[in-house]
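Letters A, B, ... are given to chains in the order of the sequence lines, protein chains preceding strands, and every chain is numbered from 1. Predicted model, so just to flag it, every value in this text is computed and none were measured.
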Amino acid sequence: MEERYDPQKIELKWQRYWAEEGIYKTELNLLKRKFYCLEMFPYPSGEIHMGHVRNYAIGDVIARYKRMRGYNVLHPMGWDAFGLPAENAAIKHGVHPSEWTHKNIENMKIQLNRIGLSYDWEKEVTTCSPEYYKWNQWFFLKMLKKDLAYRKYSYVNWCPSCATVLANEQVIDEKCWRCESIVIQKKLEQWFFRITQYAEELLQSCDELSGWPERVVLMQKNWIGKGEGVEVDFPVEGIDEQLKIFTTRPDTLFGVTFMCIAPEHPLSEKLVEDTHKLEAVKVRYGKEEEKIGLFTGYYAINPLNGDKVPVYIANFVLMEYGTGAIMSVPAHDQRDFEFAEKYDLPVKVVIVPEEVIMNRGHGESGTRGDKDVHSPPFHPFSVSPFLQNGAYEGEGILVDSGQFTTLESDIARERIIRFIEKKGFGKAVVHYKLRDWGVSRQRYWGTPIPVIYCDKCGIVPVPEEDLPVILPMDVRVTGKGGSPLLESETFLNTECPKCGGRARRETDTMDTFVDSSWYFIAYCFGKGNINFKSAISNQQSAISYWMPVDQYIGGVEHAVLHLLYSRFFTRVIRDLGLINVSEPFQNLLTQGMVIKDGAKMSKSKGNVVDPNYLIEKYGADTSRLFSLFAAPPEKDLEWSDKGVEGANRFLNRLWGVVYKNREALSVNRETTEESIHLTPPASRLYRKTHQTIKKVTRDIEREYHFNTAIAGLMELLNEMTSFEPKSDEDWVTFKFSTEKILLLLSPFSPHIAEELWEAIGNKPSIFEQKWPDWDEEAAKEERIELVVQINGKLRSKIMISPGISDDEIKEIALSDQKIKEIVGTKAIKKVIVVRGKLVNIVVGE
RNA sequence: GCCGGAGUGGCGGAAUUGGCAGACGCAAGGGACUUAAAAUCCCUCGUUCCAAAAGAGCGUACCGGUUCGAGUCCGGUCUCCGGCACCA
C-alpha cells in the first residue's frame, strides 16, 4: 500500500480486475430474486458529459447496492445509435454515418468503463445493427397485420432545414426540437402507429405508476388528454348536410349563437365559393393569436331549440381534435366571446352563477328548492354585467334553456346528453388529445420500413423470412433533397413478394423513438441473441424473468415521448403474447440537470466541465462521489469545482487513516459483535458505526438520498479520525468501523473501497460481500439529551437515561436549575413530554 | 391562461409522522507546522443588542390562522422554475 492516494493507479487496476473476473456478469437464475436496474441508454455522440456521469453514477450505486443485498441484478448498457447527428457528421466531414457511429461507441465505451460502472457488457445492444433493427421491422410487420400500423395522407410537421418530418412531440413552440427552425405544415403520405387505440389503457394505468414521480404521471395524463363530451349534429340549412360538432359543455347548448369550422374541414370547400378567401384563412391557420373568421353565408339549425345560427370558417378551430367543427357559445367561452366581439355576433347567456341568482333575492327563503320552482325567466341583459370581463366559463344555474332551465350545470349536462341520445341528435363520446404516432422519416440513418410497392399488388409487406431489410452502406449522404435511399438502385429496385414483378422499396426509415421503445426488453436476451420468436414458446424465458425494469433512471426530458412510446410498445408486445407485463418501468427516477453558472451545461453556452479532465485530475471515485453528494438525484445539481475538491479531500482522509493504521488493521482480529469492556471512546465509535449503517441503508432505501448517506459517511470518518486505538479491544472496534465504512462507501466510490478492503487484509472483491446490518440496540444512545422548553421556547437541556418514565422526565425537567429560575412563581398549566425529544412546560403569565 | 414543483446562512444543501432550524460539505476568518508557499491539522462561522462574556431578542419569500409548539398543517399574496396551451 502506498502512502499517497493515487486514483489513476488503483482505478485502472481494479477495472481490469473486475473485467477479468467478470464479477458483473449476470445469469438468469430463477431461484434468485432479480433486480433490473436500467439507465437510459445514450446517443453515441462520441463524448460523455457530466449529465451521463451523474445518470450512470446514480444507477451504478443502486445496482451495486442491490447486488450486495443479494439480488440477481441485471445492469446493462447499450447505444441508441440511429439518428440525425450521424448524418450531419457525414455531411460535414464526409465520413459514413456507420463508421462515425461505431467509432463513437468505441470511444464512449472506454470512457464509461473509466467511470467504473458495473455493467454486464454481454448484454450490450446497438440499435443500428441489423440484428437489432431486424426486430423493429418484425414488430412493424406484426403491427401492420393487426392494423396498428397504417398509412395515411396527413399534414405533417416539416422541418425545412432538416428536410424531414417531425413528430408532434418533436415540435417545440412551433420550432424543430433539434435545429430550432420554424416548422411548416406539409401534406405527405406517412406511416403511423395507432397509439390512440391504447389511449384509454395508457391513461387508466397511469394510476398504477406509483413508483413514478407524480409530475411525470401527470404529464402523461395531460398528454393523452381525455375529453368527455357529446357529439351533436346541426343540420345545415339549404343543403343536405349535417355539421357534426363536439363539446364538453352540453349544458351551454342553448347559448349557441354561431358555428365555426376548421379551414381544412371537408365542408369548408363546399360552403365557400371564393377559394381565395378560404386560402387566406388557411394560411393563418393555427399560428396567429388573432382570430380570423369567414362567414360562409350558410346557417345551421340548433336541434335543441331550433335557433338559426350562422356558420363561420375560423382559423382557431383545429381539424385534428374533436370533429373539426365547434358550436360557439360566446357567453360561456372566452374564445367564442372574442370572436363574437370582433364580428359583432349576439351573446346569449344561459348559465348564471349561483351567487348572482341569490342576490336577486326572490322570496325570503332563497333556498334552492324554492328557486327551482319560482324562478322567473331571466332576461339576458339583466344579468349581463357579470360578462364585463369576458365569458363566464364556470358552473351555475341554467337559464333560457327550455325544459332544462333552473337545473344546475352538472345535472343539466347529464340530462341534455340523455335527451340528445334519445332524440337521435347525437351521442356521448370521448376524445383524446393524443394523436397517432407518425413514424416515417425521410432520412437515411434509421431502420428501413419493411414494405414494398408494386404497381400490380399495391403495398406489400416484406415477408418475415426476408428480414432484416438491410440498410445499404453504399450511399452518399448530402443532406439535400430527399432520402439518399432513393439513389441506391440496388436497394430501391426489388421484386414483388406477391407477383414477382418489378417493385420498389419504401425509402422512408423509422423514427428513432421506435428503437428506444423496446430496447429494455432486448437486453434480457443478451448480446447477439435477440429472438422474440423463441419467446413465444418459452414462458420461463429471460424476458419473463427480468421484466419489468425495477428501477429506471433518466432525464425528465423524456417524461412524455420516450416513456409513453415505451409503455405503448410494451402493450403491443404483450398483445402479441410475448410478454406478460403491461408496464415496462416499475420505478422511475428522473434525475435533475447538471447546472453551471445558472444554466444547463452545454457547448453553445461554453459552461461545460469535461468528465475526462475531471477523472484525470481527481479520479472516477471523486467524480462520482461529488456528483452524488452535491444534491439529491432528482434535483438539479449546481456544479462547483471547489466542491469536487471537498469530495476528494474526504477520500484522501480515508486513505490516510487506513494507511496510518495499515499494520494494526491487517492483523486478523476477531470482530466480535459483543462489545465487552469498551472504553467510552470505543463505545462511542462502535455506536456511531451502527448508527451510520442504519442511516446509509435507510437513505439509500428511502428515495435514494445519496447526499445525506454520504454526509453520514463523512461523519463516521470524522469520528474515526478523532479516535486513537490503544488496546487490543480498541483495535477490534476500529477495524470493525473501518470495514463497515468501506462496505458502505463501496457503491459510491468502488475503486478506493476495493483497494482499502484488500489493504486491511481482506480478499477481493468487496462486492462479493454482504451489505452490513446494524444492531438496533448497539445504535441506541446510552443517555439522551432532552430539550426543555417553556411556552415553546428552548430554555434548557437535560440528560436522561433512555428507559425512564414520563413522570420522571417531568420531575427532572422541573428541578433543572435554569428552569426553576425562569418558572419562578408562575403557575404551571401543563407539561408536555415527547419521548426522546423534548419537554415543554406551559406556564401562565 | 391551465396544470405541476420550489422559495431555508455568503454558497450546495440537512431537518422520519408538527418537537433543538442550519447536519455534511464549500467558501471565509484566525491559529499551528514551514525559511516560505501548497498540502495537512486545530478553532470560529445565521443575525441583532452588549467592549467582551454570560445572556437575551429576531430569523426558513410575505401576510394571517390552527397548535403547548409551525421550515413542516390551513387560508391568502409575491417571486422563480418546469410542462401544456386557440384541445371546443
Which one of A/Y343, A/F258, A/Y312 satisfies the ring pair (Phe, Tyr, Trp, His ring centres under 6.0 Å) criterion with A/F295? A/Y312
Only counting residues at least two apart or in another chain, list the ones meeting ring pair (Phe, Tyr, Trp, His ring centres under 6.0 Å) with A/W774. none
Rounded off to whole Å, could you give me the [atom1]-to-[atom2] distance for the [X] and [N] pair?
{"X": "A/D636", "N": "B/G13", "atom1": "CG", "atom2": "C1'", "answer": "14 Å"}
{"X": "A/R698", "N": "B/U17", "atom1": "CZ", "atom2": "P", "answer": "12 Å"}
{"X": "A/K829", "N": "B/G69", "atom1": "NZ", "atom2": "P", "answer": "10 Å"}
{"X": "A/L628", "N": "B/G25", "atom1": "CG", "atom2": "P", "answer": "17 Å"}
{"X": "A/N648", "N": "B/G25", "atom1": "CG", "atom2": "P", "answer": "15 Å"}
{"X": "A/F626", "N": "B/G12", "atom1": "CZ", "atom2": "C1'", "answer": "7 Å"}
{"X": "A/R215", "N": "B/C3", "atom1": "CZ", "atom2": "C1'", "answer": "13 Å"}
{"X": "A/L434", "N": "B/A85", "atom1": "CG", "atom2": "P", "answer": "12 Å"}

Taking donor-acceptor contacts at under 3.5 Å, does the side chain of A/R335 reach the base of B/A88? yes
Under a 3.5 Å cut-off on both pairing distances, which runs of 3 or more consecutive Watson-Crick or G-U pairs involve RNA chain B? B:1-7 with B:78-84, B:10-12 with B:24-26, B:28-32 with B:40-44, B:46-49 with B:55-58, B:61-65 with B:73-77
Distance, [atom1] atom - from [M] to [N], rounded to whole angstrom:
{"N": "B/C68", "M": "B/G18", "atom1": "C1'", "answer": "12 Å"}
{"N": "B/A85", "M": "B/C3", "atom1": "C1'", "answer": "11 Å"}
{"N": "B/G55", "M": "B/C78", "atom1": "C1'", "answer": "37 Å"}
{"N": "B/U60", "M": "B/A14", "atom1": "C1'", "answer": "12 Å"}
{"N": "B/G22", "M": "B/U79", "atom1": "C1'", "answer": "23 Å"}
{"N": "B/A88", "M": "B/A15", "atom1": "P", "answer": "41 Å"}
{"N": "B/G82", "M": "B/G29", "atom1": "P", "answer": "36 Å"}
{"N": "B/C26", "M": "B/A37", "atom1": "C1'", "answer": "22 Å"}

Between A/W655 (side chain) and A/E2 (backbone), is there a donor-acceptor pair under 3.5 Å? yes
Nearest of [options] to any side-chain atom of [X]?
{"X": "A/F629", "options": "B/A88, B/G25, B/G13", "value": "B/G25"}
{"X": "A/N718", "options": "B/C20, B/A15, B/G25", "value": "B/G25"}
{"X": "A/A631", "options": "B/A88, B/G13, B/G55", "value": "B/G13"}
{"X": "A/Y321", "options": "B/G19, B/C24, B/A88", "value": "B/A88"}
{"X": "A/A711", "options": "B/C84, B/A56, B/C24", "value": "B/C24"}
{"X": "A/I832", "options": "B/G12, B/C68, B/C20", "value": "B/C68"}
{"X": "A/K642", "options": "B/A88, B/C68, B/A27", "value": "B/A27"}
{"X": "A/K830", "options": "B/C3, B/C68, B/A15", "value": "B/C68"}
{"X": "A/N840", "options": "B/G4, B/C68, B/G25", "value": "B/C68"}

Using the closest heavy atom to pick a nucleotide of RNA chain B for each, name whichever of A/M219 or A/V787 lands nearer the 5' end. A/V787
5' priority, RNA chain B, between A/V834 and A/E638 [closest heavy atom]: A/E638
Touch class at under 4.0 angstrom, heavy-atom based, for [X] against every strand present:
{"X": "A/K797", "answer": "base"}
{"X": "A/K433", "answer": "base"}
{"X": "A/Q789", "answer": "base"}
{"X": "A/E785", "answer": "base"}
{"X": "A/G646", "answer": "sugar-phosphate"}
{"X": "A/L218", "answer": "sugar-phosphate"}
{"X": "A/R795", "answer": "sugar-phosphate"}

Relative to A/F650, does A/R653 satisfy both conditions: NZ or CZ under 6.0 angstrom from the six-membered ring centre, and within 45 degrees of the ring's axis? no
Measure from NZ or CZ of A/K291 to the centre of the six-membered ring of A/F339 and say whether it is under 6.0 Å with the direction within 45° of the ring axis. no
Would one find a side-chain N or O of [X] under 4.0 angstrom from OP1 or OP2 of [N]?
{"X": "A/N707", "N": "B/A23", "result": "no"}
{"X": "A/R649", "N": "B/A27", "result": "yes"}
{"X": "A/K793", "N": "B/C58", "result": "yes"}

A/L685 side chain near A/E719 side chain, heavy-atom distance below 4.5 Å: yes
Has A/K660 got more than 12 heavy atoms of other residues, nucleotides or ligands less than 6.0 Å from its NZ? no
Taking CD in A/E811 as the centre, count heavy atoms belonging to other residues, nucleotides or ligands within less than 6.0 Å. Is the count above 12? no
Holding to side chain to side chain donor-acceptor pair (under 3.5 Å), I want the full list of residues that pass it with A/K244, two or more places apart in sequence or in another chain. A/D233
Minimal non-hydrogen separation, A/E808 against A/I804, with atom names: OE1-CB, 3.6 Å
Should the pair A/Y565 and A/W437 be assigned to parallel (<30°), tilted (30 to 60°) or perpendicular (>60°) ring geometry? parallel
Report the glycosidic orientation of B/G9: syn if within 90° of 0, anti in every other case. syn
